[in-house]
Amino acid sequence: GLWIPESALAVTMTITHWYETELGIDGGQVVIDDVENGLDIFEPLVPVGGYPGGPLATGGCNPLAGGNAFQGTSGGWVTSTFDPSESIGRNVWLAFVFGSDDDKRNNGEGWYIDRVTIEIEEVGDPICQTIRLDEVVDPRVIAGVRVMVAGQITDDTVRHHLDTIREIGRASCRERV
């Protein structure tokens with residue numbers, strides 16, 4: 001399993017996926033087991049905002065019948081986010097389950113998962129430097145750091161600093177307090 005440390009403040013899981021299923025009949029579901037009892041009892045992990053559509057139809061052979069799942073057509077590759085924070089301090093096992101009722105009426109491609117990312121936020125030292133700009137500086141000096149502008153701020157100053165930041169790429173660092 002994947003250990004989520006007790007010191008974690010938050011956990012976020014994202015998947016990049018594509019699906020085309022028989023709407024209301026077939027679908028894919030992310031499930032999680034965070035109890036170490038050897039029984040492998042998986043529970044649905046619901047994406048932020050819920051699964052699209054209502055529950056899958058009952059009455060067929062689909063093991064996900066009556067449950068919510070990714071169903072219908074995603075319209076291309078999409079990203080879905082999950083919050084498994086209830087599992088902080090435990091080992092977790094994840095599974096991706098696709099359920100279908102039969103092979104007679106199914107005309108969808110199925111469910112493709114390209115990327116799974118799990119981010120664990122923990123308390124730690126700041127991961128960014130902060131510099132203070134009193135005047136225009138060489139853009140290479142501020143590459144990868146957060147910029148604070150001091151002094152008189154005019155529209156031209158703001159435009160210049162935004163242009164400078166755009167030139168060096170999108171800043172992705174965050175400072176934790």
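- Here the side chain of Gln29 pairs no donor or acceptor atom with the backbone of Val97 at under 3.5 angstrom.
- Under the 3.5 Å distance criterion, the side-chain polar atoms of Asp26 are matched with a main-chain donor or acceptor of Asp101.
- Using a 4.5 Å cut-off on side-chain heavy atoms (C-beta onward), Val11 and Ser87 make no contact.
- Closest non-hydrogen pair, Phe70 versus Pro52, comes out as CD2-CD, 3.7 Å.
- Following chains of ILVMFWY side-chain contacts shorter than 4.5 Å, one cannot reach Phe42 starting from Val92, and the two form parts of different hydrophobic clusters.
- The backbone N or O of Tyr19 sits less than 3.5 Å from a side-chain atom of Ser74, completing a donor-acceptor pair.
- Side-chain atoms of Asn91 do not come within 3.5 Å of backbone N or O of Trp93 as any donor-acceptor pair.
- Listed here is the closest heavy atom pair of Ile120 and Pro5: CD1-CD, 4.0 Å.
- Hydrophobic clustering (side-chain heavy atoms under 4.5 Å, transitive across Ile, Leu, Val, Met, Phe, Trp, Tyr) groups Val116 together with Leu45.
- In terms of heavy atoms, Glu109 sits closest to Tyr112 at OE1-OH, 3.1 Å.
- Shown here for Leu56 and Asn62, the closest heavy-atom pair between the two residues is CD1-ND2, 3.7 Å.
- Rounding to the nearest 0.5 Å gives a distance of 8.5 Å between CG of Asp34 and CD of Glu86.
- Residues Ile15 and Phe82 are in side-chain contact: their nearest non-hydrogen atoms beyond the backbone lie under 4.5 Å apart.
- Across all non-hydrogen atoms, the minimal contact from Pro55 to Gly66 is CB-O, 3.5 Å.
- A chain of hydrophobic side-chain contacts below 4.5 Å, direct or via other Ile, Leu, Val, Met, Phe, Trp or Tyr residues, connects Ile32 to Ile4.
- Connection of Leu94 to Trp3 is not established within any shared hydrophobic cluster, with ILVMFWY side chains joined at heavy-atom distances below 4.5 Å, either directly or through further cluster members.
- Side-chain contact between Phe98 and Thr21 is present, with at least one heavy-atom pair separated by less than 4.5 Å.
- Side-chain contact between Val30 and Tyr51 is present, with at least one heavy-atom pair separated by less than 4.5 Å.
- Nearest heavy atom pair, residue Pro84 against residue Met13, reads CD-N, 4.1 Å.
- Residues Val46 and Asn68 are not in side-chain contact: their nearest non-hydrogen atoms beyond the backbone lie 4.5 Å or more apart.
- With hydrogens and angles disregarded, no donor-acceptor distance shorter than 3.5 Å links the side chain of Glu119 to the backbone of Ala10.
- Linking ILVMFWY residues whenever their side-chain heavy atoms come closer than 4.5 Å, directly or via other members, places Val78 and Ile113 in the same cluster.
- Partners of Thr16 according to the side chain to side chain donor-acceptor pair (under 3.5 Å) rule, which considers only residues two or more places apart in sequence or in another chain, do not exist here.
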